Enquirer: 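The structure's right below; bear with me while I get my questions together.
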Amino acid sequence: MEEPKRYLVTSALPYANGPLHIGHLAGAYLSADIYVRFLRLNGKDVVYVCGSDEHGAAITIRAKKDGTTPQAIVDKYDELIRTTFEKIGISFDIYHRTSAPIHHETSQAFFRTLNQKGEFIEQTKEQYFDETANQFLADRYIIGTCPKCNHTEAYGDQCENCGSTLSPTELVDPRSTLSGDKPVLKSTTHWYLPLDKYEAWLKEWVETGKLEEELLHYPDQWKNHVLGQCKSWLDGGLQPRAMTRDLDWGVDVPQEIKGAEGKKLYVWMDAPIGYISATKQWALDNGKDWEPYWKDKDTALIHFIGKDNIVFHCLIFPAILKAHGDYILPVNVPANQFLNLEGRKLSTSKNWAVWVHEYVEEFPGKEDELRYNMIKTMPEQRDSEFTWKGYQETNNNELVNNLANFINRVIVLTNKYYDGIVPTINPDLQIVDSSNQIEMSYQESELVDLHDRLQEIGTHIRAFEFRAALKVLMEISSTGNQLLQFNEPWKLIKTDEETVKVVMNTALQVVTALSVASRPFLPFTSDKIRDLLNLPPLKDDGEYMDLLNKLAEGEVILADGHQINKPQHLFTKIPDEVIDAQIAKLEAAEKANKGVSYEPVKETIAFDDFTKLDLRTGTILAAEKVKKTKKLLKLTVDLGFEERTVVSGIAEFFKPEDILGKQVLLLANLAPRKLKGIESQGMILMAENSDGVLDFVSPGEGMGNGFVVK
RNA sequence: UGCGCGGUAUUGUAAUUGGCAACAUGCUGGUCUCAUAAGCCAGCGCUACGAGUUCGAGUCUCGUCUGCGCAACCA
């Protein structure tokens with residue numbers, strides 16, 4: 001494949017129901033930002049689009065909970081996310097929103113075309129319906145008792161307490177979140193995308209890069225885990241997937257289509273089309289034509305996402321694009337894995353996160369410090385980890401001691417020796433080369449190295465190896481330090497002023513190169529270095545390319561006689577107190593969050609209701625894991641007068657051998673029910689804390705079996 | 001339970017086709033004094049466990065343990 005004529009780069013649309021945390025940045029935004037900044041610096045035609053994903057059931061529910069409207073929720077978070085991105089330097093060409101009219105039109109037109117081409121199949125299924133609210137209920141609108149852990153507030157699609165994936169019909173005692181009533185099953189019709197029909201070409205396209213004999217991408221350039229996950233889905237067989245929902249918040253199914261009343265587009269149909277509508281808006285704003293970016297085969301479409309979105313961007317969205325026709329498919333989907341925080345998973349609901357909007361408030365002017373650390377530990381191939389200690393170390397050891405210190409040394413010496421004017425040199429003089437430590441002319445040593453390293457950075461960035469690229473950037477700074485060390489201009493100045501000029505001029509060329517090469521990673525620092533050198537800020541328009549060309553021609557990149565500015569520190573050390581405070585904050589926030597998670601006391605019951613429960617003491621005689629389950633144990637409990645078989649969802653907390661002989665309380669008159677084919681005759685009483693950890697509720701020492709609890 | 005991606009020095013991360021396991025940090029020693037007590041030089045330290053294929057395995061195969069994700073099952 002040839003060099004593409006233009007690039008369309010997307011980052012996953014953030015969901016507008018909460019602020020951004022560092023995991024978002026590490027997943028889909030920093031990497032894309034580096035990539036597009038680099039392309040722009042090489043004079044490429046690139047458009048980088050993103051926007052807020054503002055539809056879906058979660059937002060309506062959030063609005064109801066907060067006593068406000070969905071629009072108010074998305075307005076609030078769209079604004080917060082938008083400004084946060086801007087402050088941390090993510091350089092979108094447009095940050096759009098899916099609530100915009102142009103998006104509604106675009107996604108409806110897509111649906112219309114697919115419908116007209118007969119790509120959809122209509123299917124009728126039974127779904128819960130709230131008769132009071134007079135509407136069908138999305139999975140998230142139904143809560144009930146989790147069949148696994150008996151958590152009473154489980155959602156229709158998932159129990160947040162035990163993490164089980166559920167379907168609404170499995171919930172015990174389902175209730176509608178709208179009215180609180182028990183919903184009824186009613187049939188509803190939806191439009192399904194027959195992914196099974198596309199499976200063959202999707203498989204060939206993903207695995208070989210070929211579609212209808214045309215090579216569209218090289219699979220070996222895709223990341224392992226991306227290919228792996230696609231294969232996993234493809235091998236498992238794709239199923240038709242509903243592209244519509246019964247909701248009142250989202251993009252309407254085009255109303256002229258029969259049966260469209262009350263139907264909205266499924267968010268995963270809606271959201272990726274947001275990339276297209278954002279591009280359209282960008283084109284309108286800038287007097288451009290959007291179509292080549294999506295329809296011309298010379299365009300490289302690249303989706304930056306987190307690993308949770310792989311299937312949507314590698315299979316479902318391509319299927320939609322191809323079913324529509326005329327559209328190109330992504331040439332790569334460089335998904336990142338997940339970033340952990342201090343050894344644990346980031347969690348919005350548990351408040352275990354570093355919020356980016358808080359970071360930029362608390363660390364003003366330190367945007368690049370966060371970017372640097374996150375690029376360095378970016379989860380490119382596997383999950384990685386952010387720690388405050390690590391953040392401090394990379395800042396102090398690498399940014400301050402290496403990069404900023406080198407630049408400062410050069411600026412200080414230039415001011416001291418030459419009043420800040422770049423010295424004119426005698427090109428025949430030799431200096432000590434930093435890599436070979438032998439005497440060479442400055443041309444053949446440092447400037448050639450510099451050229452090679454700059455090119456190497458580009459190679460890495462094009463291969464989505466951002467950590468590796470950053471490493472090479474720091475090597476440039478390291479060799480700068482070596483250059484000064486080996487030549488010792490502060491000594492040499494006493495004996496050989498002419499050679500010192502060569503050393504300093506060379507060092508200034510290195511600093512100039514750094515001002516450009518640092519740009520994709522550390523945009524704010526790039527501006528600061530340009531200012532120190534008294535050069536205009538980069539316009540992100542081919543400067544990297546110009547620099548490489550000049551170096552290749554053996555030309556200098558900072559001219560003799562140029563006046564630079566006075567020294568200023570680029571980075572400062574971050575002391576322990578600041579780091580300790582952040583760690584304390586993290587723990588406090590989590591604790592505070594825990595404090596509010598007590599379950600509310602249930603409604604008052606009469607004594608008679610209590611006496612209906614027959615609670616008995618018993619001893620666990622036998623325990624074994626129920627096959628093919630993660631959570632279930634089959635227990636045999638001795639009640640003195642009889643033995644009971646009980647299936648209990650405690651396998652995640654207790655090993656069978658550890659609970660033999662354990663005395664427990666058993667609800668003995670619970671109606672038996674079958675779990676994985678085993679009849680469970682009762683329920684073991686467990687206490688559960690806010691982390692979902694279970695423990696037995698046991699009688700004191702020496703109590704026999706079979707006795708009544710009252 | 002199945003599938004996918006992982007497990008590398010104190011810590012964080014590397015390692016095209018199998019070929020001397022690298023970088024940063026850390027620690028030890030040396031050295032410079034332009035610089036933000038920074039820099040530079042030298043040294044120490046690692047492939048989860050067990051087997052197999054191979055002249056040669058971090059890399060390939062099998063098993064065990066284990067982290068994460070996805071899916072299935074699921075009162």
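It should be emphasised that the depicted structure is a prediction, and the values quoted were computed from it without experimental measurement. Both backbone and side-chain heavy atoms feed into the values below; hydrogens, waters and symmetry mates do not. Within every chain, numbering begins at 1; the chains are lettered A, B, ... in the order of the sequence lines, protein sequences first and strands thereafter.
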Enquirer: Roughly how far apart, to the nearest Å, are U59(B) and G52(B) at atom C1'?
Expert: 15 Å
Enquirer: Roughly how far apart, to the nearest Å, are U17(B) and G6(B) at atom P?
Expert: 13 Å
Enquirer: Is the closest basic N to carboxylate O distance between Glu342(A) and Lys389(A) below 4.0 Å?
Expert: no
Enquirer: So, Gln485(A) versus Asn481(A): side-chain donor-acceptor pair below 3.5 Å or not?
Expert: no
Enquirer: Taking protein heavy atoms under 4.0 Å as touching, what does nucleotides 32-38 of chain B look like 5' to 3' if B marks base contact, S marks sugar-phosphate-only contact and - marks none?
Expert: SSBBB-S
Enquirer: Nearest whole Å is fine: how far is C40(B) C1' from Phe406(A) CZ?
Expert: 14 Å
Enquirer: Can you check the Ile305(A) CD1 to C70(B) P distance for me, whole Å?
Expert: 13 Å
Enquirer: I'd like the C1' distance from A9(B) over to G45(B), given in whole Å.
Expert: 5 Å
Enquirer: In whole angstroms, how far is the P atom of C3(B) from the NZ atom of Lys307(A)?
Expert: 18 Å
Enquirer: Rounded to the Å, how far apart are Gln337(A) CD and U13(B) C1'?
Expert: 14 Å
Enquirer: Check the orientation of Phe464(A) and Phe466(A). Use parallel for under 30°, tilted for 30 to 60°, and perpendicular for over 60°.
Expert: perpendicular
Enquirer: Sticking with atom P, work out how far G39(B) lies from A71(B), rounded to a whole angstrom.
Expert: 48 Å
Enquirer: With rounding to whole Å, what would you report as the distance between G12(B) and A51(B) at their P atoms?
Expert: 28 Å
Enquirer: For the backbone of Gly27(A) and the side chain of Asn336(A), can you confirm whether one donor and one acceptor N or O come within less than 3.5 Å of each other?
Expert: yes
Enquirer: Give me the distance, rounded to whole Å, that separates A57(B) from A21(B) when you measure between the P atoms they each carry.
Expert: 11 Å
Enquirer: Do the charged groups of Glu207(A) and Lys231(A) touch, with an N to O distance under 4.0 Å?
Expert: no
Enquirer: Under 30°, 30 to 60°, or over 60°: which ring-plane class applies to Phe363(A) and Tyr391(A), parallel, tilted or perpendicular?
Expert: perpendicular
Enquirer: Whole-Å distance between G26(B) P and Gln392(A) CD?
Expert: 11 Å
Enquirer: Would you call Asp368(A) and Lys528(A) a salt bridge, using N to O less than 4.0 angstrom?
Expert: no
Enquirer: Considering only atom C1', compute the distance from U8(B) to C55(B) and round it to an integer number of Å.
Expert: 25 Å
Enquirer: Find which nucleotide of RNA chain B each of Ser478(A) and Phe338(A) is nearest to by heavy atoms, and output the residue with the more 5' nucleotide.
Expert: Ser478(A)
Enquirer: Could you check how far CD of Glu456(A) sits from P of U16(B), rounded to whole Å?
Expert: 14 Å
Enquirer: Using distance alone, with no hydrogens and no angle criterion, decide if Ser478(A) and Asn402(A) have a side-chain donor and acceptor under 3.5 Å apart.
Expert: yes
Enquirer: What is the distance from NZ of Lys376(A) to C1' of U25(B), rounded to the nearest Å?
Expert: 8 Å
Enquirer: Answer yes or no: is there an ion pair linking Lys501(A) with Glu498(A), defined by an N-O contact shorter than 4.0 Å?
Expert: yes
Enquirer: Is it the case that the side chains of Lys203(A) and Thr208(A) hold a donor-acceptor pair, with the cut-off being a distance below 3.5 Å and no angle test?
Expert: no
Enquirer: Taking the inter-plane angle between the rings of Phe304(A) and Tyr35(A) on a 0 to 90° scale, is it parallel (under 30°), tilted (30 to 60°) or perpendicular (over 60°)?
Expert: tilted
Enquirer: Using the P atom as the point on both nucleotides, what is the distance between C5(B) and G30(B), in whole Å?
Expert: 50 Å
Enquirer: Can you tell me which stems RNA chain B forms, taking runs of 3 or more consecutive Watson-Crick or G-U pairs with both distances under 3.5 Å?
Expert: B:1-7 with B:65-71, B:11-13 with B:22-24, B:26-31 with B:39-44, B:48-52 with B:60-64
Enquirer: Could you list the protein-to-nucleotides 7-11 of chain B atom pairs, N/O on both sides, closer than 3.5 Å?
Expert:
{"unit_1": "U8(B)", "atom_1": "O4", "unit_2": "Arg382(A)", "atom_2": "NH2", "d": "3.3"}

Enquirer: Rounded to whole angstroms, how far apart are CD on Glu380(A) and P on C23(B)?
Expert: 19 Å
Enquirer: Nearest nucleotide by nearest heavy atom, which residue falls closer to the 5' end of RNA chain B, Glu465(A) or His225(A)?
Expert: His225(A)
